[in-house]
Amino acid sequence: MASSSTLSRRSLLKVGGGLGLLAAASQITPAWATGKGKKISVNSPEQLLSLSAVDLSQAIRGGSVSCSEVMTAYLDQIETYNPTYNAIVSLRDREQLMDEASRADTELQRGQYRGWMHGFPHAVKDLAATKGLKTSLGSPILKDWVPGHDAIFVERLREAGAIIIGKTNTPEFGLGSQTYNSVFGVTRNAYNPDLCAGGSSGGAAVAIATGMVPVADGSDMMGSLRNPAAYNNIIGFRPSQGLVPFGPTKEVFYQQLGYEGPMGRTVQDTAMLLSTMAGYDSRVPLSQKSNPTSFAGNLDTNTQGLKVAWLGDFNGYLATEPGVLDVCEQALKHFNTIGGTVEAVDMKYPMEEVWQTWLTLRHFLIAGIASGLYAKESNRALMKPEAIWEIEGGLELSAMDVYKASKARTSWYHALDKLFDTYDVVALPSAQLFPFSADTHWPKEINGRTMDTYHRWMEVVTPGTLSGCPVANVPAGFDSQGRPMGIQLIGRNKEDLKVLKIAHAYEQAAKLTQTNPTLVKS
């Protein structure tokens with residue numbers, strides 16, 4: 001590798017659009033399995049930034065690059081492009097980060113290896129607690145909050161060697177699939193900064209797509225790992241309920257709709273991050289006792305005879321922008337090339353009932369989480385209208401309303417689960433319209449149909465959320481205007497590894513993750 005002086009900010013700027021990126025990324029055995037790194041030739045900042053996270057891990061362990069060189073390259077990328085895209089917020093002091101990278105190098109020299117993320121620069125979604133680092137939740141009410149603890153998965157990232165460099169932007173309280181807030185502003189799409197990034201993990205998705213971080217964590221209640229991944233042509237994975245323990249938190253039994261998961265440029269990178277985030281924690285009694293290392297293994301699988309159920313727009317029920325289904329259905333043909341078949345399925349299920357179930361349970365949970373802040377009039381004056389609407393809707397619910405919604409959720413789960421007796425995965429679009437203007441808070445209509453709530457335009461993700469099943473977003477391609485779209489692949493409950501393997505096979509056939517954005521400087 002070139003010396004650290006070669007990897008100067010000036011040399012990084014010369015590589016222009018930043019990411020010549022992933023086309024040459026090799027498929028290698030993970031470092032955790034080999035017990036040693038692998039020599040990978042890295043001769044420029046562009047080449048370093050183009051490495052998959054798995055390859056980067058091997059390069060660090062094998063001595064091809066130092067942690068200091070890695071930190072320099074990623075911080076320079078942030079300095080160059082974050083002013084345009086606004087993906088990273090609360091960025092820590094460069095000198096402090098370089099000191100931590102230097103210490104990581106010293107540890108390696110002494111034979112101390114923390115894990116596959118040793119020396120990785122990592123930005124945590126601004127909904128998750130980070131000890132000693134501001135965690136605003138995108139809210140002016142909490143803009144100066146500095147937690148005294150880490151979220152459980154952040155503890156695990158640090159243990160695996162990650163260096164926390166800052167946070168990734170999110171909408172206020174994570175509400176809405178458009179990443180903007182009054183604290184840090186709007187995050188812009190990696191493929192067109194005039195367009196929105198999706199959300200609520202919009203900052204995380206854009207940070208990956210623009211090469212500002214190797215991998216990223218996200219969270220998902222209403223598509224927040226899937227929608228921004230689709231809008232930025234990367235992978236987002238919502239795990240089975242309980243696979244990644246959500247906490248520490250004051251309520252651990254009823255909050256089962258929103259939780260964290262991994263995002264990456266490739267399925268393999270995403271699965272590797274999941275291997276760090278997943279696993280039982282006694283502080284979260286409903287978390288799964290799983291084998292997280294299984295996600296760090298080989299993802300190759302036999303796809304001959306694979307069966308995919310395509311639900312589309314639920315036989316016209318969902319309002320969908322023209323072109324979305326066309327892009328997705330064209331992408332589904334890649335399953336045919338790997339020996340699978342795709343069948344259009346009409347579940348003949350009352351989907352409006354699913355939506356009403358969603359409204360009730362979301363109101364219930366958000367009111368429970370945020371009603372304490374809402375109780376103070378001075379706080380309410382700072383909240384966006386959508387947050388107030390959710391909380392007030394929850395305050396009007398009765399216990400029987402919530403119980404009936406839980407019964408309806410159970411009915412939907414059973415209907416979806418029955419499909420897995422015949423099909424390996426169920427597929428849906430990841431959004432009902434392509435990325436729209438970054439200046440628009442949320443679409444008021446789709447294809448002539450009025451959206452009656454701020455999130456109705458993302459109704460397509462609620463079936464996956466309510467099921468508690470694993471859901472991967474995989475890229476579907478681009479429309480004639482170059483706007484990205486994705487496909488949700490839903491698997492049977494607790495079959496997360498199977499879903500990731502199918503997503504990996506699709507990715508190898510489609511090769512869409514090799515299409516990278518042309519980055520723009522502000």
Side-chain angles (χ1 to χ4, degrees), residues 219-227 236-246 251-261 278 284-290 307-315 317-318 343 345-366 368 397 399-430 455 458-473 487-500 502-503:
S219 57
D220 188 309
M221 178 183 271
M222 192 176 179
S224 295
L225 277 158
R226 294 164 276 168
N227 160 272
F237 186 69
R238 176 187 164 93
S240 288
Q241 182 174 306
L243 183 62
V244 175
F246 182 81
E251 196 288 298
V252 295
F253 290 102
Y254 289 98
Q255 205 304 89
Q256 295 295 309
L257 285 183
Y259 39 82
E260 292 111 352
V284 185
L286 300 184
S287 58
Q288 294 182 32
K289 290 191 174 182
S290 59
K307 297 191 72 174
V308 179
W310 171 238
L311 301 185
D313 61 359
F314 288 100
N315 201 32
Y317 168 77
L318 293 173
E343 297 178 10
V345 174
D346 182 358
M347 294 184 68
K348 301 185 186 302
Y349 196 90
M351 297 309 297
E352 181 63 28
E353 179 181 288
V354 174
W355 176 249
Q356 293 303 320
T357 299
W358 170 254
L359 289 181
T360 298
L361 294 178
R362 185 172 167 97
H363 280 330
F364 163 63
L365 292 173
I366 292 174
L397 295 172
M400 285 307 300
D401 290 331
V402 176
Y403 183 75
K404 289 176 182 177
S406 187
K407 283 180 62 179
R409 181 186 182 189
T410 303
S411 175
W412 165 249
Y413 169 79
H414 287 152
L416 183 65
D417 185 63
K418 187 175 181 181
L419 283 182
F420 297 120
D421 293 338
T422 304
Y423 300 98
D424 295 285
V425 288
V426 173
L428 281 165
S430 291
H455 50 13
M458 281 299 298
E459 185 174 0
V460 70
V461 300
T462 57
T465 294
L466 288 173
S467 73
C469 293
V471 192
N473 169 80
I487 294 173
Q488 300 176 74
L489 300 179
I490 308 173
R492 187 164 242 161
N493 189 34
K494 294 184 172 62
E495 291 189 350
D496 298 70
L497 185 57
K498 179 179 179 179
V499 173
L500 287 165
I502 292 171

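The analysis underlying the following values was restricted to heavy atoms, covering all of them including side chains, and did not include hydrogens, waters or symmetry mates.
- For the pair Q488 (side chain) and P429 (backbone), a donor-acceptor distance under 3.5 Å is present.
- How far CZ of F314 is from CG of L311: 5.0 Å, rounded to the nearest 0.5 Å.
- Atom OH of Y349 is separated from atom NZ of K418 by 12.5 Å, given to the nearest 0.5 angstrom.
- When only modelled atom types and interatomic distance are considered, R226 and T465 share a side-chain donor-acceptor pair under 3.5 Å.
- The side-chain contact (heavy atoms from CB on, under 4.5 Å) test applied to S287 returns P245, Y280, V284, not counting sequence neighbours.
- In this structure, a donor-acceptor pair under 3.5 Å is present between the side chains of D496 and S240.
- In this structure a side-chain-to-backbone donor-acceptor pair under 3.5 Å is missing from S406 to V402.
- The NE2 atom of H455 sits 4.5 Å away from atom CZ of R362, with the distance rounded to the nearest 0.5 Å.
- Residues satisfying the side-chain contact (heavy atoms from CB on, under 4.5 Å) test with K498, not counting sequence neighbours, are D424, E495, I502.
- Interatomic distance, C469 SG to L419 CG, rounded to the nearest 0.5 Å: 10.5 Å.
- Distance alone, capped at 3.5 Å, is enough to place a donor-acceptor pair between the T360 side chain and the Q356 backbone.
- Of the possible donor and acceptor atoms, one in the side chain of E251 sits under 3.5 Å from a partner among the backbone N and O of F253.
- The closest donor-acceptor contact from the side chain of Y259 to the backbone of P239 lies under 3.5 Å.
- Every residue two or more places apart in sequence or in another chain that forms a side-chain contact (heavy atoms from CB on, under 4.5 Å) with N315 is listed here: D346.
- Taking the salt bridge (charged side-chain N to carboxylate O under 4.0 Å, His left out) definition, one finds that D417 meets it with R492, sequence neighbours left out.
- In this structure Y423 satisfies the ring pair (Phe, Tyr, Trp, His ring centres under 6.0 Å) test with no other residue, sequence neighbours excluded.
- By the side-chain contact (heavy atoms from CB on, under 4.5 Å) test, L365 is found to be paired with M221, Q255, L257, residues two or more places apart in sequence or in another chain being considered.
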